[in-house]
Every structure is written in structure tokens, then in C-alpha cells.
Number of protein chains: 2
Amino acid sequence: MVDKKNSRDTLIEAASRLFRLRGYYGVGLNEIIEESGIPKGSLYYYFPKGKEELAIEAINHTKEMVISKIQEVFERIEDPIEAMQALIYQLSEVIGESDHKLGMPIGTIASENYSTSEPIRIACQLAFEDWQSLYKKKLISSGYSEKQSKEVSIIVNALIEGGILLSITSKSGKPLQVIAEQMPLLLIKK
Amino acid sequence: MVDKKNSRDTLIEAASRLFRLRGYYGVGLNEIIEESGIPKGSLYYYFPKGKEELAIEAINHTKEMVISKIQEVFERIEDPIEAMQALIYQLSEVIGESDHKLGMPIGTIASENYSTSEPIRIACQLAFEDWQSLYKKKLISSGYSEKQSKEVSIIVNALIEGGILLSITSKSGKPLQVIAEQMPLLLIKK
DNA sequence: ATAAAATTATAACGACTGGTCTACTATAAT
DNA sequence: ATTATAGTAGACCAGTCGTTATAATTTTAT
């Protein structure tokens with residue numbers, strides 16, 4: 001039983017990968033079924049409401065992947081500044097890899113659809129909120145105030161999304177590196 | 001001679017508006033010609049290379065609009081911290097307006113196309129660089145070091161792009177407001 | 001073993017895509 | 001008056017889009 005994964009998950013993973021790379025409208029269902037090797041009949045069997053439904057599952061899948069990554073780093077590194085720096089440096093290194101497939105995890109879909117699909121918009125909003133909750137929790141458990149933790153978690157989230165955008169656009173890890181280096185400034189305890 | 005603008009500019013403005021709202025793949029040429037009232041024959045007369053060529057002009061148009069906005073605020077407000085805060089607050093207020101058509105100015109197109117169209121990727125990169133140059137210039141003229149000015153300009157750019165993304169996704173000006181409030185921290189002179 | 005249910009496999013649908021092409025109109029130079 | 005040029009107008013193309021329909025097959029329950 002080597003690689004017998006179910007079709008539903010295979011579709012979600014392929015969709016997640018492709019949407020991250022070129023957004024919602026930039027990827028067609030034909031490409032998703034080609035990449036996944038799952039026939040179109042199965043796609044509409046598992047996602048009767050079609051592309052939008054699949055996209056929401058893909059967003060949730062991406063969200064969980066990011067949550068795992070954040071948790072892993074946060075468990076490994078106690079200091080919140082160092083932990084967040086490590087997270088961001090890790091991203092900057094991916095850019096260096098040839099043919100990297102980084103991309104704004106859900107930022108592209110969010111900005112394409114915020115005005116056209118409420119279900120997608122809400123799925124993206126929930127992802128951002130969940131990530132921010134993790135940052136906030138880490139900060140609070142390190143002695144930061146409730147208020148500052150909440151505010152900083154928003155900033156960190158914005159910096160990461162914006163940093164990824166700048167780095168993929170300029171094909172350079174530099175923007176993310178600069179962001180990581182400036183982290184301590186934001187985290188001066190008040 | 002009330003509203004006799006040339007077709008080329010009318011097309012660019014319509015494209016700029018629509019691409020900001022739903023990105024490159026989310027907007028079709030038919031929608032652009034409908035919104036602008038310019039026929040398809042004229043579109044391909046002015047932009048023989050088609051959608052990609054029009055998109056690049058639209059990106060440059062958006063870039064110039066943002067440059068004007070930044071310059072206007074920077075000329076009006078001398079202190080760099082206050083100026084950047086004003087810029088970001090202004091964005092947060094747009095979100096509050098019903099049916100606002102804010103959107104990441106070029107972030108959506110950039111993240112959709114960074115891996116598929118080099119000409120578009122480069123146009124977006126140049127826009128980011130131009131905006132950062134303005135931030136940097138403002139900081140240097142206020143006595144910040146070359147190095148810090150450059151780094152902060154990257155951070156500010158990332159914060160604005162990320163902040164807009166968070167604000168449009170959550171349908172709230174809050175993220176941008178928080179970012180504006182935390183600006184002073186980033187700008188502690190070293 | 002058989003029936004029912006779950007899943008896969010294709011083909012086709014109408015709508016729309018970006019792009020091409022040709023006919024037409026307006027203006028100005030000759 | 002004629003011709004040249006710039007721009008307008010929109011029908012049309014092949015291909016792709018998301019979606020639907022239905023048949024074939026596999027899996028599960030009895």
C-alpha cells in the first residue's frame with residue numbers, strides 16, 4: 001500500500017498547489033484533473049458544486065499546511081522573536097531554490113475573489129485569523145500583553161504576505177530577509 | 001470638449017480598474033471593452049500584442065497613480081512617520097466606503113503572473129521599486145541613514161501590500177489602522 | 001451470488017476566451 | 001475630387017471554460 005491515497009484528497013492537494021501558483025482564475029479544472037490524474041467525473045462526484053467548492057477545500061488544506069509549519073517552528077524555538085525570524089528566513093530560502101513553487105499561500109485567491117465570492121472570501125479570512133491566533137498565542141505565552149500581541153500578530157501576518165509578494169515578484173529572498181531582520185523592532189515590549 | 005479622451009487611454013484606465021479588482025485572469029477582454037465602450041478592433045489596433053501588452057500599460061498606469069498619491073501626501077506632510085501614517089490611514093478609510101473598489105494595486109497581477117509572464121513580472125517589479133524609491137528618498141531627506149532608509153522602504157511596502165490584502169479580505173479597515181499605528185516603532189532612528 | 005451503492009470514465013454541452021479579419025467611417029493631404 | 005491614413009465596428013474563429021449527463025466499472029452489503 002504505497003501511494004494509495006483517495007481521489008478526493010489527491011484533487012485537493014493538486015488544486016491547492018496550482019491555486020497557490022497562479023490563483024483561482026489562472027487555473028482551469030482541466031489542469032487540475034491532469035495534474036492529479038483524477039477524472040472529471042470524480043471531481044464532480046466529490047465536489048458537486050464545482051470549482052468554488054474545490055477551491056474552498058484547497059484553501060483549508062493550505063491553511064492547515066501553514067498551521068503545521070508555524071507550530072513546528074514555534075515548538076522548536078521558544079523565543080518569539082527568534083521563532084518568527086526563523087519562519088521568515090525559511091521562506092526566503094525557498095525563493096532561492098530553482099523552480100520553487102512558493103507563492104502567496106492564499107493571498108492570490110483572496111485578492112481575486114474578495115469582491116466576487118463570499119464563500120471564498122470567508123475561507124480566506126478564516127485562514128488569516130487562524131494564523132494570527134497562533135502568533136498571538138506565542139506572544140502572550142512569552143509575556144506580551146493581550147493588546148500588543150493582537151496588534152503584532154496582524155503586523156506579522158501582513159509582513160509575511162507582503163514579503164512573499166515582494167520576494168516572488170523580484171525573484172529574490174532579499175525582501176523577506178530584510179523583514180526577518182527588522183522583526184525585533186516590532187517586538188519591543190511595551 | 002468635455003469628456004473626449006482618446007481610446008487608448010480609456011482602455012488603459014478601464015483595464016487598470018478591472019485588473020485591480022479581480023486580477024489578470026479574472027477579467028476578460030470582452031469585459032474591458034464593455035466597460036470602456038471601445039470596440040475590440042480598436043483594442044487590437046492600439047495593443048497589437050493583445051491582453052498582455054494592455055496589462056503592462058495598465059500596470060504602469062496604476063503605478064503612476066500610486067506615485068502621484070504618495071508624492072501628494074509627502075509634499076503636504078514633512079515628518080516621514082506622520083506622512084506614511086496618513087497614507088495608510090487614507091487606505092483604511094477607503095475600505096469603509098460601501099462598494100469600494102480598492103484592491104491590491106498590482107499585487108494580484110504580480111502574484112498570478114510571477115511564474116508565467118516575465119514582461120508582466122518585470123512591470124510589477126519596477127512598480128514596487130519606484131514606490132520604494134519614494135519612501136527611501138523621504139526617509140533620507142529626514143536624516144535617516146542610507147541603509148536604514150532602504151530597509152524601511154521595503155518593510156513599508158510589504159506592510160502596505162499585506163495590509164490591503166488583510167483589510168479587503170476581512171472587509172475592515174482595522175488591519176491597515178493597526179499597521180499605521182505601529183509605524184513609529186519601525187522608524188526609530190538607529 | 002446478487003443487488004445496491006460508490007466511484008470512475010467519457011463525451012458532450014453552451015458559454016465564453018483571446019485573437020483575427022474585413023468592412024466601414026472620419027479626417028486630412030494632395 | 002481622390003487618395004491615404006487612422007481609427008471604429010463587430011462578426012467570426014478555434015479553443016477552452018466550468019458544468020452536466022450518462023454509461024461502465026468497482027466496491028460493499030446482504
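All of these numbers come straight from a predicted model, not from anything done at the bench. Chain letters run A, B, ... following the sequence lines, proteins first, then strands; residues in each count from 1.
No side-chain N or O of Asp130(A) forms a donor-acceptor pair with one of Ser133(A) less than 3.5 Å apart. A donor-acceptor contact closer than 3.5 angstrom is absent between the side chains of Arg121(A) and Ser117(A).
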Quiz item: Thr62(B) and Ser16(B): side chain to side chain donor-acceptor pair (under 3.5 Å), yes or no, with the steps?
Solution: CA-CA 6 Å; Thr62(B) 302; Ser16(B) 163; 2.9 Å; yes
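In this structure, Ile32(A) atom CD1 and dT16(D) atom C1' are separated by 14 Å, rounded to whole Å. Taking atom CZ of Arg8(B) as the reference point, atom P of dA6(D) lies 15 Å away to the nearest angstrom. Whole-Å rounding puts the Leu11(B) CG to dG18(C) C1' distance at 15 Å.
Ranked by how close their nearest DNA chain D nucleotide is to the 5' end, Pro39(B) and Tyr24(A) are led by Pro39(B).
Of the side-chain N and O atoms in Tyr45(A), none sit less than 4.0 angstrom from OP1 or OP2 of dA9(C). In this model, the phosphate group of dG7(D) is not approached by any side-chain N or O of Ser7(B) to a distance below 4.0 Å at OP1 or OP2.
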Quiz prompt | Secondary structure of DNA chain D in dot-bracket form (Watson-Crick or G-U wobble, distances below 3.5 Å, | marking inter-strand pairs) | solution = ||||||||||||||||||||||||||||||
With the criterion being N/O to N/O and under 3.5 Å, what pairs connect the protein with nucleotides 19-22 of chain D, and how long is each?
{"residue": "dT19(D)", "atom": "OP2", "partner": "Tyr44(A)", "partner atom": "OH", "Å": "2.7"}
{"residue": "dT19(D)", "atom": "OP2", "partner": "Lys51(A)", "partner atom": "N", "Å": "2.9"}
{"residue": "dT19(D)", "atom": "O5'", "partner": "Tyr44(A)", "partner atom": "OH", "Å": "3.1"}
{"residue": "dT19(D)", "atom": "O4", "partner": "Lys40(A)", "partner atom": "NZ", "Å": "3.0"}

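Ion pairing of Lys171(B) with Glu118(A) is present here, as a side-chain N (NZ or NE/NH1/NH2) and a carboxylate O approach within less than 4.0 Å. The residues Glu34(A) and Lys40(A) are annotated as not salt-bridged, no charged nitrogen and carboxylate oxygen being separated by less than 4.0 angstrom.
Cluster partners of Leu126(B), using a side-chain heavy-atom cutoff of under 4.5 Å among ILVMFWY residues and allowing indirect links, are Ile122(B).
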